[in-house]
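Both counts, for ligands and for their atoms, begin at 1 and track the order of listing.
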Amino acid sequence: MSIKVCKFGGTSMADGNIMKRVAQIVTADEKRRYVVVSAPGKRFGGDIKVTDLLYQCYKQAQAGELSAFDETFSKIRNRFLYIEKEIDKNLGLDGLLNDIKEKILAGESEDYCASRGEYLAANIMASVLDIPFVDATEFIRFNQDGLLDESTYELGASLLKKYPRAVIPGFYGLDANGKIKTFSRGGGDISGAIVANAVAAELYENWTDVSGFFACDPRIVQNPKCISSLSYQELRELSYMGANVLHSEAIFPVRVAGIPIRICNTFRPEDAGTFIVPKVTGVDLDTPVTGIAGKKDFTVISIEKSMMNAEIGFTMRLLSVLDRYGVSFEHLPSGIDTISLVIDNEYLQNGLLEKLVQEIKETVHPDIVHIHEDIALVATVGHGMKQNVGTSARLFKALSEAGINVQMIDQGSSELNIIVGVDGKDCENCINAIYHEFF
Ligand code: ASP
């Protein structure tokens, strides 16, 4: 029988009653045989996710702040014990929590600590659904470089064959030394995609608290259009640029196997949601744009040097500076005598920007180096752009009418996106202007 893998995010695990609702969703379709879960998320505005509390506990334990640790750990304990009461089962969670507390105080790693929210949530869901719990440590493996090890898929396939149905905790696996290691935040989506690949699912359902993928962030544009289907590539571009419905790396495990993803809403399961498919067909010529996403906090280092174009190896020497400092760049727009590095501010903390600029000066001897520290990147994404003459003209006209000064432009060679760099303060206006031009 064909299989659907369902991943439920933090808001779908927020309390016992929602978990019961999740159980109804799962049992409503007998193809939904594997369930991957996140740790309990926020129940209301201002609430704290269990994962955030766990990170806090780790820091407090490390700093020897024991009474603060106890207080934070009690919040976690109360949350799980309340869920146990709501689902009306005795799972012995108190004992499990004691064991976890002891291990954190004995010096277990940050990743171990952070993973326990998913571990407990999966145990609870397995009991609610009355199907086996299978730990992610049994098959999700990371290699020496901290990347997903390819053996994961085979291990997962042979293990999960033995379980016609199972609940699996998201977000973590084992590193090359057999220790617990987590993905980056929101990585439960990656775990779900791995399981979908391992069991050769026909569909990977990602259940969240929104009815699909919107053309842009609803906090920025009022009532944006919900996208009915988009390609893996479009999703990757949009989620990388800040559309945070799905982790940007969750695509890879399903893409290699051609498994479509459906984004669905636990609180409105009847909504169609968004399908993410290998290829979108029938591009709508009136809407060449599929979605718009923006990300703030980038720095642009612009370098000018006369006759740069004739200096063989200039770019290589420039990039060797980044290599030496372990800094990654996002974009590298260039002209005849100019080149700019667009870098995420995350890489430039603690005086690194100044050091980098100094070394660039010593290495490539530019005429002028100009730094702009508060840049937002806004990506306009859509396969339809390729077929449509005039898309960029419409985009830039909309920006100029909105009075937005464009600092940088980059268009990928696949013509899937146009990226503009604007002042951080213009980010929201920029997204609004582009949205209203195309939708
Ligand atoms: N619980 C983890 C987080 O909050 C992972 C996830 O939810 O996917 O980032």
K.L.:
Can you report which non-hydrogen protein atom sits closest to atom 8 (O) of ligand 1, along with the distance?
P.N.:
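Result: Gly188 N, 2.8 Å.
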K.L.:
May I ask you to check if ligand 1 and Thr51 share an N or O to N or O distance below 3.5 Å?
P.N.:
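Yes - when backbone and side-chain N and O of Thr51 are compared with those of ligand 1, one distance drops under 3.5 Å.
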K.L.:
For Glu71, is the CD atom crowded, meaning more than 12 foreign heavy atoms sit under 6.0 Å from it?
P.N.:
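Count not over threshold, so no.
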K.L.:
With Asp15, which residues qualify under salt bridge (Lys or Arg N to Asp or Glu O under 4.0 Å), at least two apart?
P.N.:
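Checked Asp15 against salt bridge (Lys or Arg N to Asp or Glu O under 4.0 Å); zero matches.
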K.L.:
Between Glu118 and ligand 1, find which residue part has any heavy-atom pair under 4.0 Å and reply side chain, backbone, both or neither.
P.N.:
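It is the side chain that touches ligand 1; the backbone stays farther off.
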K.L.:
In this structure, does ligand 1 have an atom that sits under 4.0 Å from one of the heavy atoms of Gly186?
P.N.:
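Contact present.
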K.L.:
May I ask you to identify the nearest protein heavy atom to atom 4 (O) of ligand 1, giving residue, atom name and distance to one decimal place in Å?
P.N.:
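Protein heavy atom with the smallest distance to atom 4 (O) of ligand 1: Arg185 NH2, 2.9 Å.
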K.L.:
When you compare the side chains of Thr299 and His372, does any donor N or O come within less than 3.5 Å of an acceptor on the partner?
P.N.:
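There is no such pair (donor and acceptor under 3.5 Å, judged by atom type) between the side chains of Thr299 and His372.
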K.L.:
Closest by any non-hydrogen atom to atom 7 (O) of ligand 1: pick that one out of Gly9, Gly41, Ala39, Ser38.
P.N.:
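The option holding the nearest heavy atom is Ser38.
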K.L.:
Can you tell me if CD on Gln222 sees more than 12 non-hydrogen neighbours from other groups inside 6.0 Å?
P.N.:
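Counting other residues, nucleotides and ligands, CD of Gln222 stays at 12 neighbours or fewer.
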K.L.:
Under the side-chain contact (heavy atoms from CB on, under 4.5 Å) test against Leu399, which residue among Asn429, Val406, Asp426 passes?
P.N.:
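For Leu399, the side-chain contact (heavy atoms from CB on, under 4.5 Å) test succeeds with only one of Asn429, Val406, Asp426, which is Val406.
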K.L.:
Examine ligand 1 and decide if any of its atoms is less than 4.0 Å from a heavy atom belonging to Gly170.
P.N.:
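Judged by the 4.0 Å heavy-atom criterion, Gly170 does not count as contacting ligand 1.
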K.L.:
Return the set of residues passing salt bridge (Lys or Arg N to Asp or Glu O under 4.0 Å) with Asp111 (not counting sequence neighbours), or none when no residue passes.
P.N.:
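Partners of Asp111 by the salt bridge (Lys or Arg N to Asp or Glu O under 4.0 Å) criterion come out as none, since no residue qualifies.
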